[in-house]
Amino acid sequence: MVSDQPTLLNRADATDQQHIRILLVEDNPVDAELLELDLTSGGYVPEMLRVQSGPELHQALQTDSWDIVLSDFALPGFSGIEALEILNESKKDIPFILISGSAGEDVAVRAMKAGAQDFFVKGKTSLLVPAIQREVREAKLRASARRQHEQALDDLWRSEERLRLLVNAVRDFAIFMVDPDSRIATWNVGAERLTGYTTNEAIGQPLSILRTPGASPIDEMLARLASEGSAEWDSICVRKDHSRYVSRSYGATMLGRGGELLGYVFILRDITEQRDLEARLARTQKLESLGQLAGGIAHDFNNMLMVIFARCELLSRQLESEKHRQYVSDIHAAAAQNRDLTHQLLAAARQQVLEPQVVNVNEVIASAMKLLGPTLGERFTIRTDLEPSLWSVYADPGKLHQVLVNLAINARDAMTFGGTLTVESRNVNVDAANGREEHGLRGGDYIAITVIDTGTGIPEGVRDRIFDPFFTTKEPGRGTGLGLAVVRGVIEQTGGVIAMDTEEGRGTTFRIFLPRHTAESRATAAAAARKTVLLVEDEDMTSSIVRETVEHQGYRVIAVRSAAEALAISERSTEAIHLLLMDAAMPGISGRKLAEMMIAQRPGLPVILMAGYPDHAHHPLPPSMRTLEKPIPTPVLVRTIRAALHEP
């Protein structure tokens with residue numbers, strides 16, 4: 001039965017339906033036995049622990065689980081109200097019923113206010129068993145509801161945590177939310193990287209911190225999202241350090257279950273580099289088109305000019321009239337201007353023939369500035385700041401001289417009332433990781449030439465076009481618009497980059513980056529010089545130009561005019577032929593047929609076919625053959641030769 005010490009009563013025959021665990025706070029063992037009889041009569045098989053003090057109660061609550069707590073109101077040195085307080089402090093949802101032999105209604109009210117589920121008077125416990133049954137059932141329902149609620153909270157937390165981790169894992173996109181008052185509510189790692197604002201700095205700030213001055217009002221953008229639900233657009237945004245970038249933005253509204261506006265979600269991506277690449281591709285395609293046009297007409301035009309020059313010289317020797325000789329001289333001068341214009345056009349299209357050599361750029365700058373001193377006049381001051389130990393470059397010194405002169409003339413025209421022209425040279429190392437910031441350069445060593453003027457600057461609306469051929473801001477009759485196009489063509493054909501920084505009223509700065517000439521590049525040139533190219537071309541002028549171009553790259557060229565000559569050389573020569581460069585359409589044997597015969601004699605021989613139009617669309621070429629469509633830009637020819645010879 002129930003003892004005077006804390007006692008656990010077990011019933012081995014208890015079933016899951018009848019079993020009940022009761023924690024009884026009672027000092028009278030007889031009352032405990034009577035309670036047990038009542039529970040047994042009510043269909044329960046009780047498992048009961050009787051305690052008589054606060055510490056015992058506290059220990060029992062901590063070490064085991066119970067279905068219900070029944071407590072006497074008055075115990076020696078302890079009370080039922082104190083027992084209820086201990087239960088409340090344990091934070092356990094266990095029903096509590098107070099049983100008293102003498103307490104009145106005021107005690108019952110006090111107990112109920114403290115959290116007791118019910119109150120009974122000893123000797124009147126006929127309703128005790130149904131009350132216990134009710135409270136245990138309701139406690140189980142509460143426990144089940146609590147578990148479901150906690151499970152729902154856990155599921156929600158896991159969902160939110162997965163979303164948070166996913167959003168923060170996206171580092172190339174800024175993803176954030178904005179409240180209905182257009183203030184930033186969330187901020188991911190990608191947003192920190194893109195904008196420069198940390199999460200703490202961004203949260204609570206207005207969306208306008210990302211907008212450039214003069215951008216369309218925030219209200220208009222949010223109104224569009226509210227009406228359309230979502231939208232995508234490109235815009236100019238500003239970072240924390242005030243630098244600007246082109247952003248492709250996606251925005252959408254967030255609505256509650258009742259349709260009320262909860263805020264907005266935004267996804268931003270930096271497409272500045274993409275835009276730059278697109279612009280560069282468009283410019284390259286335009287220059288290639290110009291190059292094809294220039295290459296197509298320049299050679300024939302130069303042939304006509306040769307006739308004009310020759311006839312002018314002949315007429316000058318035969319004419320006796322000074323007046324007539326002056327007419328011929330004028331014709332000769334006009335032809336010379338047209339020849340120079342053709343050369344400029346080829347330079348702008350990056351099709352001119354360069355004569356590169358190892359160059360000390362400081363010497364070229366000094367020579368150009370000495371020439372420009374008298375040309376610019378007394379209203380202009382020329383300053384130079386040259387690095388003494390400047391690295392060498394591999395370039396055409398005459399073309400670099402032309403670049404400096406063109407930039408100086410351009411600066412003079414911008415300094416209407418005089419000013420200062422400054423030319424600097426520096427050694428520069430570009431980190432590959434920061435190449436995009438350094439004007440798209442690859443990592444490596446460069447020499448930088450900087451040309452600075454104090455002129456009027458270039459208006460913002462025309463800055464993107466200043467390197468375009470034939471574009472000029474000068475009045476008619478003052479230039480062809482090829483000056484800066486020639487500058488860019490020469491620099492890019494040399495393997496460099498030119499960039500501009502200008503501001504209206506504060507002058508313009510041009511920066512030229514040319515790759516450093518190293519022992520490795522000299523070794524590459526030496527290796528090229530040891531390689532032989534067999535050129536087969538029946539048109540003399542084309543043969544001469546291609547031969548000159550290839551020889552300028554350091555290769556040895558054997559030029560013949562027919563397939564028969566090429567086969568004869570291949571058969572009787574014991575020296576190596578490293579590349580066959582030939583016209584695709586020749587009298588007699590076709591270029592492709594000749595290539596196949598040559599490869600049969602010299603297995604593995606790389607071949608480049610120069611075609612007026614591609615005729616292999618339905619007859620794919622073998623891997624050792626490549627085709628170039630005439631007219632061929634010099635850089636394309638050089639790159640293709642190097643690729644065919646597996647050179648860098």
Side-chain angles (χ1 to χ4, degrees), residues 153 155-279 431 433-439 460 463 501 503-504 506:
L153 290 178
D155 291 344
L156 178 61
W157 181 87
R158 282 193 291 268
S159 176
E160 291 179 345
E161 184 67 6
R162 284 196 296 266
L163 179 60
R164 185 187 68 82
L165 293 174
L166 176 62
V167 169
N168 276 330
V170 180
R171 296 176 174 267
D172 294 331
F173 290 77
I175 304 175
F176 57 94
M177 297 180 182
V178 175
D179 65 22
D181 296 325
S182 72
R183 293 191 174 274
I184 297 170
T186 66
W187 199 246
N188 79 324
V189 174
E192 291 185 343
R193 294 183 61 190
L194 178 60
T195 68
Y197 291 100
T198 66
T199 300
N200 290 337
E201 291 172 333
I203 297 297
Q205 293 296 320
L207 186 58
S208 58
I209 63 170
L210 307 179
R211 309 275 286 176
T212 56
S216 58
I218 296 291
D219 292 345
E220 292 183 6
M221 180 180 65
L222 298 183
R224 177 187 174 189
L225 291 180
S227 62
E228 299 179 8
S230 64
E232 187 173 3
W233 65 93
D234 294 347
S235 60
I236 304 297
C237 295
V238 61
R239 297 183 176 90
K240 179 182 176 181
D241 62 3
H242 304 298
S243 62
R244 298 188 178 192
Y245 61 97
V246 183
S247 166
R248 178 153 295 164
S249 304
Y250 171 83
T253 55
M254 295 186 297
L255 301 178
R257 296 177 62 185
E260 69 278 11
L261 178 64
L262 300 179
Y264 308 88
V265 62
F266 290 93
I267 303 176
L268 274 61
R269 178 165 63 95
D270 184 357
I271 61 169
T272 306
E273 184 175 8
Q274 176 183 332
R275 283 290 186 87
D276 291 343
L277 290 174
E278 290 172 352
D431 184 354
N434 299 323
R436 184 170 65 86
E437 285 73 15
E438 292 289 350
H439 314 293
E460 186 173 359
R463 291 173 189 171
D501 182 20
E503 185 176 349
E504 287 191 72
R506 297 193 177 183

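The structure presented is a predicted model; accordingly, all values stated were derived computationally and were not measured.
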Rounded distance (nearest 0.5 Å) linking atom CD1 of Ile271 with atom OG of Ser235: 8.5 Å

Note, Ser249 side chain near Phe266 side chain (heavy atom, < 4.5 Å): no

Interatomic spacing from CD1 in Ile236 to CZ in Arg211 - rounded to 0.5 Å: 11.0 Å

Residue pair Trp187 / Gln205, side-chain heavy-atom distance below 4.5 Å: no

Thr272 side chain to Asp270 side chain, donor-acceptor N/O pair below 3.5 angstrom: yes

For the student: nearest non-hydrogen atoms of Gly196 and Glu201, plus distance: O-OE1, 4.0 Å

Flag, side chain of Thr195 to backbone of Ala191, donor-acceptor distance under 3.5 Å: yes

Leu207 side chain near Tyr264 side chain, heavy-atom distance below 4.5 Å: no

Side-chain touch Glu260/Leu262, heavy atoms, less than 4.5 angstrom: yes

Where Asp234 and Arg275 come nearest, the two heavy atoms and their spacing: OD2-NH2, 2.9 Å

From CA spacing to verdict: side-chain contact (heavy atoms from CB on, under 4.5 Å), Ile184, Ile209: CA-CA 10 Å; Ile184 297 170; Ile209 63 170; 4.1 Å; yes

4.5 Å side-chain heavy-atom contact, Phe176 and Leu268: yes

Validation row: Arg269, Asp172 side chains within 4.5 angstrom (heavy atoms): no

Donor-acceptor pair, side chain of Asn188 and main chain of Ile175, under 3.5 angstrom: yes

4.5 Å side-chain heavy-atom contact, Tyr245 and Leu194: yes

Closest approach of Trp233 to Gly251 (non-hydrogen atoms, all atoms of both residues): CZ3-N, 3.8 Å

Shortest non-hydrogen separation from Arg224 to Glu232 and the atoms involved: NH2-O, 4.0 Å

Val238 side chain near Leu210 side chain, heavy-atom distance below 4.5 Å: no

Thr253 to Leu225 - nearest heavy-atom pair and separation: CG2-O, 3.2 Å

